[in-house]
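Here the structure comes first, spelled out in structure tokens, and everything after it is commentary.
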Amino acid sequence: MDALRRHYRVWLRLVRMSLSAQLSYGLGSFGFLAAKLIRLLFFFGYILAIFKHTKSVAGYSLDETVLFFLTFNLIDTVTMALFRSVYSARRVVEDGDLDYYLVQPCSPLFRMAACIVDFLDLATMLPVLALLATTWQRLPAGIGLVRVVLYAGLVLNGVAIALAMHIFVTAITVRTQELENTIRLYRDMLFLGKFPIDIYAAPLRWALTIVVPIGVITSFPVKALLGLLSPAWMLYALVLAAASLGASLWFWRGALAAYTSVSS
Amino acid sequence: MGKYLYVFQINMQSVLQRRASLLMDRVGGIATTVALYFFWSSIFSGSQSILGYSPARMLSYVLMTNFLRAVVFTDRGWEVIRDISSGRISNYLLRPIRYAAYCFSMDAAQKTVGAAAAALEIGVLILCFKTPWYVPRQASTWLLFGLAAGMSSLIFFLLEFAVASIAFWTFESGGPLFCFDLTVQFAAGAFFPLDVLPKTFQNILQATPFPYIVFFPLNVYLERLPAGALLRQFSLQAAWLCVIGWIVSRVWRRGLRAYAAEGG
């Protein structure tokens with residue numbers, strides 16, 4: 001419990017430092033924030049425009065398709081906001097900062113994966129939540145509290161799987177000092193989650209559920225909300241999150257054991 | 001001219017040598033293309049024509065954006081920012097070369113490899129998905145498409161060069177460049193054809209150079225423009241190229257005057 005409290009205090013201090021850093025980088029931060037908003041609004045606008053010419057995509061109405069898109073954005077934004085420091089993992093290893101992390105009374109994984117909060121992503125979350133609330137009101141009546149709870153639970157489950165992927169990326173960086181390719185691969189694959197996984201051909205759909213579980217991260221919450229996800233798949237999602245977190249932590253410990261203080 | 005050819009050759013070797021980066025680059029491109037391909041496929045499963053696009057034309061549009069992304073969006077601007085901010089550009093300014101031409105030679109090597117890889121990927125995707133593919137009826141269309149793609153590539157290179165030149169005045173030019181890169185991709189039609197947008201937005205975009213970067217070359221390929229419109233659009237593309245070239249040379253000269261070789 002003491003360790004948890006200590007980590008929380010450290011996290012709060014680092015969050016304040018992240019905010020100061022981002023505020024001192026005015027033009028740059030403004031550009032990045034504007035880009036994130038433009039990407040969200042352009043894509044949203046395109047989906048609305050396309051639905052002027054069609055009634056459904058893979059059997060989903062406009063509101064349902066938008067819900068998939070916004071849920072993808074919600075999970076992606078939360079992940080990016082909380083685990084942004086993974087993107088600096090290579091610098092941390094190359095500059096030798098990891099050596100300092102190892103002698104501090106704080107988890108080195110925590111320092112490498114979660115010590116920066118991206119306030120630009122938090123700001124992007126506001127329009128996502130506003131659009132989500134608007135879309136929510138347009139959904140057909142009859143979605144009970146149970147489905148809403150399942151949706152929220154599977155969103156958190158998606159964030160947990162995304163965290164596991166970020167831990168894998170961090171561990172690979174410690175082992176190889178190579179970050180850009182793996183994180184880019186993850187980001188690019190995530191693009192496939194912008195739409196419902198039902199649009200894809202069966203083999204790809206299978207791959208996105210079992211091999212690279214982008215579908216579990218982004219599509220499962222909405223499918224549960226719409227009553228289209230069986231309990232067996234929900235159980236699978238939970239087991240997958242637990243297994244991927246366990247495997248990523250095991251891989252991280254292996255990477256740390258193999259770390260040779262390469263930059264020192 | 002010979003020295004730029006050497007730069008081209010050396011960078012070609014460098015791009016081909018970093019096979020992991022190249023592979024990850026291409027996987028990223030394919031993920032985006034596959035997502036959009038299936039999105040449009042599911043829309044066309046209930047319709048034979050949307051906005052004058054047959055399934056063959058629309059799916060060809062989507063696959064060909066993969067080619068144009070490789071040829072156009074090569075992100076040289078980030079390298080320019082790094083060179084200016086680190087002072088490394090002083091090294092180039094002292095040599096008997098033009099920095100912009102040097103950058104373009106580097107870029108051309110990346111574009112050549114990217115174009116070859118993208119063409120191969122399109123072929124594989126057509127075979128795998130049994131895509132109804134639009135083949136231009138006239139042989140001259142290939143030539144005109146090449147011309148339009150070449151000019152669009154130059155337009156984007158110059159625009160990005162101009163935005164990256166902000167680094168002469170501030171260290172925070174990354175944000176504006178990121179914002180610019182994303183905006184251009186949406187406004188150029190790299191994700192969706194621009195004619196799905198409402199007429200007002202289309203008219204606004206037509207007053208900018210962005211549609212000439214992706215949307216126009218693909219309209220040339222898909223033979224959607226009558227001879228008169230084709231000539232007019234080519235003239236406008238060439239005019240934009242000249243105007244942007246002039247602006248870049250002015251910005252660059254002013255930037256060099258403001259340059260203090262900090263870090264160099």
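Please read all numbers here as calculations on a predicted model, not as lab measurements. First the proteins, then the strands, lettered A, B, ... as listed; each starts at 1.
For B:Thr32, the parts lying under 4.5 angstrom from a heavy atom of chain A are both the backbone and the side chain. Using a 4.5 Å cut-off between heavy atoms, B:Leu23 does not touch chain A at all. Using a 4.5 Å cut-off between heavy atoms, B:Phe129 makes no contact with chain A at all. Residue contact with chain A, scored on non-hydrogen atoms closer than 4.5 Å, involves the backbone and the side chain of B:Leu197 alike. Interface residue B:Phe186: backbone and side-chain heavy atoms are both found under 4.5 Å from chain A.
Applying the 6.0 Å contact sphere to CZ of A:Arg187 captures more than 12 heavy atoms from other residues, nucleotides or ligands. In the displayed structure, A:Phe30 atom CZ is contacted under 6.0 Å by at most 12 heavy atoms of other residues, nucleotides or ligands.
For B:Glu172 against A:Gly28, the heavy-atom pair with the smallest separation is OE1-N, 3.1 Å. The nearest pair of heavy atoms linking B:Ala31 to A:Leu192 is O-CD2, 3.5 Å. Contact between A:Ala49 and B:Val196 at its shortest, heavy atoms only, is CB-O, 3.3 Å. Considering every non-hydrogen atom in both A:Tyr25 and B:Gly174, the closest pair reads OH-N, 4.3 Å.
The OH atom of B:Tyr37 lies 12.0 Å from the CG atom of A:Leu204; values are rounded to the nearest 0.5 Å. Between the NE2 atom of A:His53 and the CG atom of B:Asp195 there is a distance of 8.5 Å, given to the nearest 0.5 Å. Annotation: the span from B:Leu51 atom CG to A:Lys52 atom NZ amounts to 12.0 Å, rounded to 0.5 Å. Remark: A:Arg39 CZ to B:Leu182 CG distance equals 5.5 Å, nearest 0.5 Å. Once rounded to the nearest 0.5 Å, the distance linking CG of A:Leu27 with CD1 of B:Ile166 reads 7.0 Å.
In this structure the side chain of A:Ile38 reaches within 4.5 angstrom of the side chain of B:Cys179, judged on heavy atoms. In this structure the side chain of B:Phe39 reaches within 4.5 angstrom of the side chain of A:Ile50, judged on heavy atoms. For the pair B:Val27 and A:Arg184, the minimum side-chain heavy-atom distance is 4.5 Å or more. Side-chain contact between A:Tyr46 and B:Leu194 is present, with heavy atoms from C-beta onward closer than 4.5 Å.
Heavy-atom pairs under 4.5 Å with chain A peak, among B:Ser42, B:Ser173, B:Pro198, at B:Ser42.
A distance below 6.0 Å separates the ring centres of A:Phe43 and B:Phe192.
Using cut-offs of 30° and 60° for the angle between ring planes, the B:Phe38 and A:Tyr200 rings count as perpendicular.
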